[in-house]
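Just so we're clear, the structure is a prediction, and the values are computed from it rather than from any experiment.
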Amino acid sequence: MNTEFDALLQNGTWNLFPKPSNANLVGCKWVYRIKRKANGDIDRFKARLVAKGFHQQEGVDFSEIFSPVVKPTIVRLVLSLTVSHG
């Protein structure tokens with residue numbers, strides 16, 4: 001957990017600002033996971049800090065929505081399906 005937290009700080013993942021009076025505070029929690037090798041032995045322990053986004057209200061707590069990047073393989077698949085179906 002300390003390693004993950006230090007990495008978040010080092011990468012500048014967030015900025016601290018004074019809380020506006022009309023904004024909700026969004027909580028967070030730590031999620032722990034054990035990564036295992038193919039034979040079942042423990043490979044490593046992972047910790048991730050996640051926001052409880054279900055408490056957010058659009059226009060109050062955020063104004064932008066994250067859009068994941070489309071992978072090139074998905075673009076090729078969609079183009080292939082489009083061509084094959086006319």
Side-chain angles (χ1 to χ4, degrees):
M1 188 169 77
N2 288 334
T3 303
E4 178 70 16
F5 186 71
D6 291 341
L8 292 172
L9 291 176
Q10 184 179 12
N11 292 332
T13 305
W14 63 76
N15 297 316
L16 295 177
F17 296 96
K19 178 188 170 291
S21 60
N22 63 342
N24 298 324
L25 289 179
V26 177
C28 60
K29 67 179 181 176
W30 285 99
V31 177
Y32 302 100
R33 179 160 296 167
I34 298 173
K35 293 291 189 171
R36 297 188 179 272
K37 297 180 183 177
N39 65 2
D41 292 343
I42 294 175
D43 184 29
R44 60 189 162 133
F45 298 96
K46 290 194 73 169
R48 178 164 288 173
L49 182 65
V50 295
K52 296 179 180 178
F54 52 86
H55 289 293
Q56 293 179 313
Q57 297 174 351
E58 186 174 0
V60 176
D61 299 316
F62 67 93
S63 58
E64 298 176 11
I65 297 174
F66 173 74
S67 177
V69 177
V70 177
K71 295 181 180 181
T73 54
I74 300 298
V75 173
R76 285 195 300 270
L77 174 68
V78 170
L79 291 175
S80 174
L81 289 172
T82 302
V83 169
S84 65
H85 290 331

J.: Could you list the donor-acceptor pairs under 3.5 angstrom formed by side chains in residues 78-86, with sequence neighbours left out?
T.:
from : atom 1 : to  : atom 2 : distance (Å)
T82  : OG1    : V78 : O      : 2.7
S84  : OG     : S80 : O      : 3.2
S84  : OG     : L81 : O      : 3.0

J.: Within a reach of under 6.0 Å around NZ of K19, are more than 12 heavy atoms found that belong to other residues, nucleotides or ligands?
T.: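 Buried by this count: over 12 neighbours within 6.0 Å.
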J.: Donor-acceptor pairs are to be reported for all side-chain atoms of residues 4-11 against protein atoms at under 3.5 Å, with residues two or more places apart or in another chain.
T.:
from : atom 1 : to : atom 2 : distance (Å)
N11  : ND2    : A7 : O      : 3.2

J.: Can you name the residues that form a side-chain contact (heavy atoms from CB on, under 4.5 Å) with N2, not counting sequence neighbours?
T.: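 With sequence neighbours excluded, N2 shows a side-chain contact (heavy atoms from CB on, under 4.5 Å) to no residue whatsoever.
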J.: Sequence neighbours left out, cut at 3.5 Å: what donor-acceptor pairs do the side chains of residues 43-51 make with other protein atoms?
T.:
none

J.: Identify the heavy atoms of R36 and I42 that sit nearest to each other, and give their distance.
T.: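 Shortest heavy-atom contact: NH1-CG1, 3.4 Å.
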J.: Listed by chain and number, what are the side-chain contact (heavy atoms from CB on, under 4.5 Å) partners of T3, not counting sequence neighbours?
T.: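 So T3 forms no side-chain contact (heavy atoms from CB on, under 4.5 Å) with any residue.
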